[in-house]
Engineer: 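Starting off with a structure, shown below.
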Amino acid sequence: MLDSEAMDQIKVAASQLASASSLAVITGAGISAESGIPTFRGEGGLWRKFRAEDLATPEAFRRDPNLVWEWYDWRRQICARALPNAAHEALALLESRMPSFLLITQNVDGLHQRAGSKRILEIHGNIWKARCTACKTKFEISETPLPSLPVLCPDCGSLARPHIVWFGESYDESLIQEAVSFLRQCDVLLVIGTSGMVSMPGFLTEQAFRAQRIELNPEPSGITPLVQISIRAKAAEAMPLFWERLNAG
Ligand code: APR
């Protein structure tokens, strides 16, 4: 149950959105937490004795591609069992209602697509895709668990890697440029479930300098100082209420 302050903030945010024509959304691991996918920096974020920072790196992959593929296969199995939650679904409904909409996600779990969102920029890649380290072919890997590890390229047989942006790697500049262009003209920006511990969501939030910037996170984050409204609530609780308020007019 949300407290009265969060309820009031949702009312204000919904009224701002009602008069907006362009909505940008940035999501992080927190939006998938209520689907059972552990966040990176929460108590469930550790895997065995490893941390994401120790495994999701080019060095870790060079050192032990099998271990990195094992970690991703473990995460894929959790993602495969997970279902989109009410927050993912509310975003898909919002997209259908807004004249102009863009969802920028750091998540690689594919839950936004499964909830029906269409206009998505996956700036950290997608756990259901792999790419060849030699010929760069990109291909879907939907089977879980993976039949054999490490994954090999279906075209040239070389070692393939997860199609994920690892620590120390650069983003796809074309995706970031598309996100920045949209953010600079949007009326409202909604940032859901990111700690802002990596710099990109903070940088993107700052690009929406003319927008009403709203955060949805049960905890304060690195994004909180960058927004006008920070709602202390869980995504799957607050987003359906946000949608209801918006439709209540
Ligand atoms: N609803 C909304 N937010 C939530 C919820 C929830 N139910 N539960 C947790 N959160 C918030 C936490 O308070 C935290 O601020 O989600 C945030 C999760 O933060 P991180 O685990 O740091 O995830 P994220 O910000 O997405 O990490 C960014 O860092 O590790 C890399 O590539 C990885 O994409 C990831 C990136």
Side-chain angles (χ1 to χ4, degrees), residues 1-3 6 9-10 13 25-47 50-58 60-61 68 71-72 74-76 78-79 82-91 103-112 115 120-129 161-172 175-176 179 190-205 214-227 229-243:
M1 188 59 193
L2 301 188
D3 65 26
Q9 289 175 312
I10 287 171
V25 182
I26 297 173
T27 61
I31 197 170
S32 297
E34 288 155 284
S35 294
I37 298 179
T39 60
F40 288 88
R41 294 169 181 87
E43 66 290 342
L46 296 181
W47 175 60
F50 294 102
R51 294 181 333 120
E53 285 82 347
D54 302 335
L55 280 169
T57 67
F61 190 69
V68 174
W71 184 57
Y72 276 98
W74 171 77
R75 284 181 62 197
R76 288 155 44 87
I78 291 180
C79 295
L83 294 173
N85 62 52
H88 295 104
E89 286 159 1
L91 285 182
L103 170 54
I104 302 154
T105 187
Q106 299 174 94
N107 299 342
V108 298
D109 55 35
L111 289 184
H112 283 304
I120 307 176
L121 294 182
E122 291 182 306
I123 60 171
H124 285 179
N126 184 302
I127 205 164
W128 303 108
K129 291 180 183 150
R161 58 164 282 178
H163 184 59
I164 300 265
V165 178
W166 281 335
F167 288 97
E169 293 188 318
S170 49
Y171 287 86
D172 176 331
L175 291 184
I176 299 302
L190 188 51
V191 186
I192 306 175
T194 182
S195 64
M197 294 290 277
V198 295
S199 56
M200 185 53 77
F203 164 76
L204 292 175
T205 301
I214 302 159
E215 177 185 32
L216 181 49
N217 193 325
E219 305 290 332
S221 75
I223 302 297
T224 305
L226 308 175
V227 299
I229 302 178
S230 190
I231 305 170
R232 289 286 161 272
K234 290 185 173 183
E237 278 177 353
M239 283 309 296
L241 297 174
F242 192 80
W243 174 251

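Only this structure's heavy atoms are used, side chains among them; waters, hydrogens and symmetry mates stay out. In listed order, ligands and their atoms are each counted from 1.
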Engineer: What are the atoms of ligand 1, with element, lying closer than 4.0 Å to any heavy atom of Q106?
Structural biologist: 26 (O), 28 (C), 34 (O), 36 (C)
Engineer: Using heavy atoms and a 4.0 Å limit, tell me yes or no: is I192 in contact with ligand 1?
Structural biologist: no
Engineer: If the test is side chain to side chain contact (heavy atoms under 4.5 Å, CB included), which one of D109, L83, N85 qualifies with S35?
Structural biologist: N85
Engineer: Is ligand 1 less than 4.0 angstrom away from at least one heavy atom of V198?
Structural biologist: yes
Engineer: Output the distance between atom CG (L204) and atom CG (L226), rounded to the nearest 0.5 Å.
Structural biologist: 11.0 Å
Engineer: So which bit of T39 gets within less than 4.0 Å of ligand 1, heavy atoms only: side chain, backbone, both or neither?
Structural biologist: both
Engineer: Compare N217, I223, I26 and give the one whose heavy atom is closest to atom 12 (C) of ligand 1.
Structural biologist: N217
Engineer: So if I count the atoms of ligand 1 from 1 in the order they appear, which ones are less than 4.0 Å from some heavy atom of F167?
Structural biologist: 30 (O), 31 (C)
Engineer: Tell me whether N107 has any N or O atom under 3.5 angstrom from an N or O of ligand 1.
Structural biologist: no
Engineer: Main chain of I127, side chain of R76: is a donor-acceptor contact present, judged purely on distance under 3.5 Å?
Structural biologist: yes
Engineer: Would you check whether S221 has a nitrogen or oxygen atom less than 3.5 angstrom from a nitrogen or oxygen atom of ligand 1?
Structural biologist: no
Engineer: Using a 3.5 Å cut-off on N or O atoms only, is E34 in polar contact with ligand 1?
Structural biologist: yes
Engineer: Which atoms of ligand 1 are found less than 4.0 Å from any heavy atom of E219?
Structural biologist: 13 (O)
Engineer: Describe, in one word, how the ring planes of Y72 and W166 are oriented to each other, choosing from parallel (under 30°), tilted (30 to 60°) and perpendicular (over 60°).
Structural biologist: tilted
Engineer: Taking 4.0 angstrom as the limit and counting only heavy atoms of G28, give me the atoms of ligand 1 inside it, by number and element.
Structural biologist: 26 (O)
Engineer: Could you tell me if the side chain of N217 sits less than 4.5 Å from the side chain of S230, heavy atoms only?
Structural biologist: no
Engineer: Could an N or O of ligand 1 be found under 3.5 Å from any N or O of A33, whether backbone or side chain?
Structural biologist: no
